[in-house]
**Student:** 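The following block contains the structure, expressed as structure tokens.
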There are 2 protein chains.
Amino acid sequence: MDDLEVRELRYFVAVAEELNFSRAAQRLGMAQPPLSRAIRGLERRLAVQLFERNTRQVTLTAAGQTLLEQAAVALDVVSAVARRTRRAGASTPSLVVTAKPGVTTGLLKRIVDSYTTLPATPPVEILVSGYRQQADMVRDGRADLALLSSPYDRRGLEAEPLTTEPRVAALPSDHELAQRGALRCQDLQGLPIPQWPESSPAERRYWSGRDRSWSEIGSVTPEPAEPVSGPVVSDSAQLLEVVGLGQAVALIPSSVARCNPRPDIAYRPVSDASPYTTEIAWPEGSRAQPIALFVRTAINLTADELDRDYADVS
Amino acid sequence: MDDLEVRELRYFVAVAEELNFSRAAQRLGMAQPPLSRAIRGLERRLAVQLFERNTRQVTLTAAGQTLLEQAAVALDVVSAVARRTRRAGASTPSLVVTAKPGVTTGLLKRIVDSYTTLPATPPVEILVSGYRQQADMVRDGRADLALLSSPYDRRGLEAEPLTTEPRVAALPSDHELAQRGALRCQDLQGLPIPQWPESSPAERRYWSGRDRSWSEIGSVTPEPAEPVSGPVVSDSAQLLEVVGLGQAVALIPSSVARCNPRPDIAYRPVSDASPYTTEIAWPEGSRAQPIALFVRTAINLTADELDRDYADVS
DNA sequence: TGGGTGTTATACCCTGGAGGTATGGATGAC
DNA sequence: GTCATCCATACCTCCAGGGTATAACACCCA
């Protein structure tokens, strides 16, 4: 019927988070009575009770809880839309591509070079971003495209895989497992794994080799066998250093191993580890021509490598 | 800064689609001058020109095109939020699960049976939906969960795989390929393939066995080697009939083949066909407890089968 | 039990802005 | 040049969103 308004959603979220109309009003920079009225109007229009309230306490109903999580999504979408539009209308519109430093930068450079030779393409701005912020930057409209490696939070994004390579175990050379030719994920269980800052459970599972068939949403109980958490690292150089010192073992993409031969580290294939995949991601629903063209360029450029690596994996 | 309002987005979309303020105003049930003013206000607030307009014609700027596609996404999200909230606040809230008739119904029944025995679960409403409407129903808030098979439009959804099974070729028994033991996708090229109504390019590639490494967004040029389009079918019974009559060949999940032995059809493995996967999907960002519990139940119930089928495939 | 306090709801007012009408002014068709 | 079309401007109206004051209610504590 008649739509919700963004203002109403903002009001609702404030009240739902504070669970207190007065404080929420303060946070919104307005008086309490109009806020109460706005919420009442929202409830009447949705024909749904959002709060259970008496004069002493406010609680969310089931419908209110639904609206709270959903409104957050909607508000994020709307503000991302605004940012994208603003960027698209800038005096010198550019295509902003974000990637982490390291593995992807070489690949990214080749894609950009190939893209900019095409006719009528906007200038490309490369935004180097830290710890897996790539997805966030595309989600909230600061970037148009991201080169990132799975697993990552796919919400609000669409993506295509670009490159796939097997992962290998990086072990201290004097580690007992370094004696063996090939390993399985299970061999690594219980060993300390380097931790990335602010990593999600899904990421920890991936980097510890326990990511086959595990769900994010379903895990109401904490999953068993949390891996031993090793030292926190923030880039691959630091990671290798930690491994070399014997403080951890790690599952790393084979290209990183190839490019970093070290006497203190042994690399061993892990037959059942899920591969390392680099993807290109863009905002959900975006079919803008410069973005589509960049994606196509990236896919064309990596198609043959992808096939070759598929062969490696299987 | 200050957010966009839903009303403004609706106004903008109307004008952008009509490219005519008067007609757009008419469509919106309002007069033209306030609409012009609203758009001006929007442009000023975004500090972006959305339309190139003289008194005779209106055209979208690049920023306007961006906003048009993005606003459509945002409006869909907002109205889906409203519907979900309304449903969550219904007098007898139920969990609405949608699936297509056929393969999934047996699986769905087992999941529902297992779910309803759990304590404090809402009643489950099963919504049988037609041609791949499952994703749409979850996207727009009419359903909480969907059992569906990839490929499908993942926008606005999160999903987990449940079951995987290899696909086999269904051939008329007297077809020359039926003489051979095993096939490859390439053997099927050029043969007529049954078409589902309103199928997307990605779906057509999947069902014709050409879905490895092809992008939706990047295909600015029509992809080569469009498969010969066969008769239009709307369910698997019809599909088998068409194959039996020699009008087409099809790539179908092995379970369908197992359950439908027919003298007029030969089933042959296709070694490089991507597998048939059934997934469970829920609205992006939803972590509501009944939904999460259902997903977990589904995953637990299919975990062993999944593992077994993984072994089959590799 | 009665006052104090924090909190929401009600009553009432006020103002800004959304929307309407009338009309101007530009542009292309003929 | 004239006419039709369509966006912009000017000006008016009115209501909804917001403010202030205060009542009503629930809980705490003496």
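When reading the values below, keep in mind they use all heavy atoms of this one structure, side chains included, and skip hydrogens, waters and symmetry mates. Order of the sequence lines sets the chain letters (A, B, ...), proteins ahead of strands, with each chain counted from 1.
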**Student:** Rounded to whole angstroms, how far apart are CD on Glu43(B) and P on dC7(D)?
**Tutor:** 13 Å
**Student:** Which whole-number value in Å describes the distance from Leu35(B) CG to dC6(D) P?
**Tutor:** 14 Å
**Student:** Just wondering, more than 12 heavy atoms not from Gln26(A) lying within 6.0 Å of its CD?
**Tutor:** no
**Student:** So if I define the base as every atom that isn't primed, P, OP1 or OP2, how would nucleotides 3-15 of chain C read as a B/S/- string at a heavy-atom cutoff under 4.0 Å?
**Tutor:** ---BBBBB-B---
**Student:** Could you check how far CD of Glu5(B) sits from P of dA18(C), rounded to whole Å?
**Tutor:** 10 Å
**Student:** For Gln26(B) and dG19(C), what is the distance between atoms CD and P respectively, to the nearest whole Å?
**Tutor:** 17 Å
**Student:** At under 4.0 Å, does any side-chain N or O of Arg7(A) touch on OP1 or OP2 of dG18(D)?
**Tutor:** yes
**Student:** Establish, yes or no, whether a centroid distance under 6.0 Å links the rings of Phe21(A) and Tyr11(A).
**Tutor:** no
**Student:** Would you call the rings of Tyr115(B) and Phe294(B) parallel, tilted or perpendicular, where under 30° means parallel and over 60° means perpendicular?
**Tutor:** perpendicular
**Student:** Take the protein atom CE of Met30(A) and the nucleotide atom C1' of dA16(D), then report the distance between them rounded to whole Å.
**Tutor:** 12 Å
**Student:** Between Ser114(A) and Thr297(A), do the side chains contain a donor N or O and an acceptor N or O under 3.5 Å apart?
**Tutor:** no
**Student:** Mind calculating the distance between OH (Tyr11(A)) and P (dA16(D)) to the nearest angstrom?
**Tutor:** 15 Å
**Student:** Could you state the CG-P distance from Leu42(A) to dA16(D), rounded to the nearest angstrom?
**Tutor:** 16 Å
**Student:** Test of understanding: with side-chain hydrogen bond (donor to acceptor under 3.5 Å, both in side chains), list the residues that count as partners of Thr85(A), not counting sequence neighbours.
**Tutor:** none
**Student:** Whether Arg154(A) and Glu279(A) form a salt bridge (side-chain N of Lys/Arg under 4.0 Å from carboxylate O of Asp/Glu) is what I want to check.
**Tutor:** yes
**Student:** Taking atom P of dC7(D) as reference, at what distance in whole Å does atom CD of Glu52(B) sit?
**Tutor:** 14 Å
**Student:** Please classify the nucleic acid contact of Phe51(A) as base, sugar-phosphate, or nothing, using heavy-atom distances under 4.0 Å.
**Tutor:** nothing
